[in-house]
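All values below come from the heavy atoms of this structure, side chains included, with hydrogens, waters and symmetry mates left out. Positions are given from 1, in the same order as the sequence printed here. Each ligand, and each atom within it, is numbered from 1 in the order the structure gives.
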Amino acid sequence: MDLKIIDLTETHARFVVSGIRPDMANALRRTLMTEVPKMAIETVEFHLGPIRDEDGKECESVSPLFDEIIAHRLGLVPIPTDPDLYVFKDKCACDGEGCPSCTIMYSLNKKGPAEVYSGDLEPLGGKELRVKDELIPIVKLGPKQALLVYASAELGTAKRHAKWQVTSATGYRYYPTVTIDLSKCDLCEECVKACPRDVLASKDEKIVVADLENCILCSACINACPRAAITTHGDNSKFIFEFETDGSLSAKDTLRKALEILEQRFDDFREEVGQLIEG
Ligand code: SF4
Ligand code: SF4
Ligand SMILES: [Zn+2]
């Protein structure tokens, strides 16, 4: 297996994997979507009763939304996750009590009138635990309304709930080949106009493939060509992958983690099959 990065930013990755079968490509896609763990808020405790601010002004612990909706919104806020630091709560040495290895605690204290955003979550710990996307709206508080909550985030995967899904727009396609038979081509440029991805171009009096990896094998060029001069082909041993992350993990860490998980799965499978054969 060979991996070539085409584009890698903090939250987006595009890369080519070659030397694998379609089922292995799908296994990597599913691992990226459902198996890479991240932190997400799982428990939210709401303070009840009056809250007095520094000036002696009294607010009531109410908001225009049900507590369940606020808890759900907080659950969807991407929580920064160090993929090598945290362990699942039920596998932690604290026996699920909650400790810095399995839990991040946040408090949120806001008095109306005001809009509450994800950036109002204050971590009980280092600055690196602050949420990066600070402008996710949670609720708008009216006069004399207030929100005081304590929230704890824990590790999970998207198999349990979508709030633990790191990646979105996760997909792959067969690596394309576009061939132009220049002996048939009359340079009408219909294929260049028909291509929705600017893959083809006219250069030095011939049609060239200018951006092959942008091709989505849609066949628009084949259908537009009056002289049957174009053929396309998808390589089923080479794939172009693409995904985005919600910012809880970097795209690089997400890919590394997915490959580690996949490798571990294959090792476990090999061992189990080996034991069955020996037994
Ligand atoms: S198959 Fe589609 S994307 Fe690829 S070159 Fe032809 S028209 Fe463009
Ligand atoms: S549509 Fe066909 S004939 Fe026209 S430029 Fe493209 S390859 Fe050549
Ligand atoms: Zn713990």
Side-chain angles (χ1 to χ4, degrees), residues 4 6-7 14-16 18 22 25 37-45 75 79-107 123-126 128-129 150-157 160-161 163-164 169 171-242 248:
K4 183 189 104 185
I6 302 172
D7 181 39
R14 196 160 173 246
F15 54 96
V16 177
S18 46
K38 61 167 267 198
M39 300 297 276
I41 288 175
E42 170 66 351
T43 312
V44 183
E45 285 178 29
I79 301 295
T81 303
D82 182 336
D84 301 317
L85 188 63
Y86 296 107
V87 293
F88 289 98
K89 206 168 175 183
D90 58 354
K91 292 190 180 133
C92 185
C94 71
D95 286 332
E97 289 286 315
C99 72
S101 298
C102 64
T103 309
I104 306 174
M105 292 294 300
Y106 290 92
S107 67
L124 309 183
E128 72 282 0
L129 302 177
Y150 298 97
S152 68
E154 62 182 76
L155 207 60
T157 66
R160 196 170 146 206
H161 191 283
K163 68 182 177 182
W164 280 294
Y172 66 87
R173 54 198 161 84
Y174 290 0
Y175 197 90
T177 311
V178 180
T179 313
I180 298 155
D181 186 342
L182 295 177
S183 65
K184 292 183 185 170
C185 176
D186 67 357
L187 292 170
C188 70
E189 296 192 13
E190 287 304 318
C191 54
V192 179
K193 286 182 228 155
C195 178
R197 308 272 294 192
D198 296 330
V199 174
L200 303 170
S202 177
K203 194 177 169 194
D204 299 334
E205 305 221 329
K206 56 182 186 185
I207 302 298
V208 294
V209 180
D211 189 1
L212 179 62
E213 285 171 357
N214 221 10
C215 174
I216 51 172
L217 294 171
C218 69
S219 299
C221 52
I222 297 174
N223 297 334
C225 179
R227 301 173 69 90
I230 305 181
T231 49
T232 60
H233 169 71
D235 185 341
N236 67 2
S237 67
K238 196 171 177 184
F239 302 87
I240 300 176
F241 275 81
E242 190 156 15
S248 49

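- Residue contacts with ligand 1 for Leu217 involve N, CA, C or O but no side-chain atom from C-beta outward (heavy atoms, distance under 4.0 Å).
- When the shell of 6.0 Å around CD of Glu128 is examined, it contains more than 12 heavy atoms from other residues, nucleotides or ligands.
- Residue-level proximity to ligand 2 for Glu189 is carried by the backbone, the only part with a heavy atom below 4.0 angstrom.
- Arg173 places a side-chain heavy atom less than 4.5 Å from the side chain of Ile216.
- Contact atoms of ligand 2 toward Ile230: 7 (S) (distance under 4.0 Å to a heavy atom of the residue).
- Atom numbering of ligand 1 starts at 1 in the shown order; those under 4.0 Å from a heavy atom of Ser219 are 1 (S), 2 (Fe).
- With hydrogens and angles ignored, the 3.5 Å screen pairs a side-chain donor or acceptor of Arg227 with a backbone N or O of Lys184.
- Atom CG of Asn214 has more than 12 neighbouring heavy atoms from other residues, nucleotides or ligands inside a 6.0 Å radius.
- At a heavy-atom cutoff of 4.0 Å, ligand 1 is contacted by no atom of Ala194, backbone or side chain.
- For the pair Phe88/Pro37, a side-chain contact is recorded, criterion being any heavy-atom separation below 4.5 Å from C-beta on.
- Under the 4.0 Å criterion applied to side-chain N and carboxylate O atoms, Glu42 and Lys163 are assigned as salt-bridge partners.
- When hydrogens are left out, the protein atom nearest atom 7 (S) of ligand 1 is Cys221 N, 3.3 Å; that is the closest non-hydrogen contact.
- Atoms of ligand 2 lying under 4.0 Å from at least one heavy atom of Cys225, given by number and element, are 1 (S), 2 (Fe), 3 (S), 7 (S).
- Closest non-hydrogen pair, Leu217 versus Tyr174, comes out as CD1-O, 4.0 Å.
- In terms of protein heavy-atom proximity, atom 4 (Fe) of ligand 1 is closest to Cys215 SG, 2.3 Å.
- In this structure, the protein non-hydrogen atom closest to atom 2 (Fe) of ligand 1 is Cys218 SG, 2.3 Å.
- For ligand 1, the atoms lying closer than 4.0 Å to a non-hydrogen atom of Ala220 are 7 (S).
- Ranking the protein heavy atoms by distance from atom 8 (Fe) of ligand 1 puts Cys195 SG, 2.4 Å first.
- In this structure, Pro196 counts as a contact residue of ligand 1, since one of its heavy atoms falls inside 4.0 Å of the ligand.
- With ligand atoms numbered from 1 in the order given, ligand 2 contributes 5 (S) to contacts under 4.0 Å with heavy atoms of Ile207.
- Minimum heavy-atom separation, Leu200 to Val178: CD2-CG1, 4.1 Å.
- With hydrogens and angles ignored, the 3.5 Å screen pairs a side-chain donor or acceptor of Thr81 with a backbone N or O of Met39.
- Scanning the protein heavy atoms around atom 6 (Fe) of ligand 2, the nearest turns out to be Cys191 SG, 2.3 Å.
- Nearest to atom 3 (S) of ligand 2 among the protein's heavy atoms is Asp186 OD1, 3.3 Å.
- Ring pair Tyr150/Tyr106: centre-to-centre distance not below 6.0 Å.
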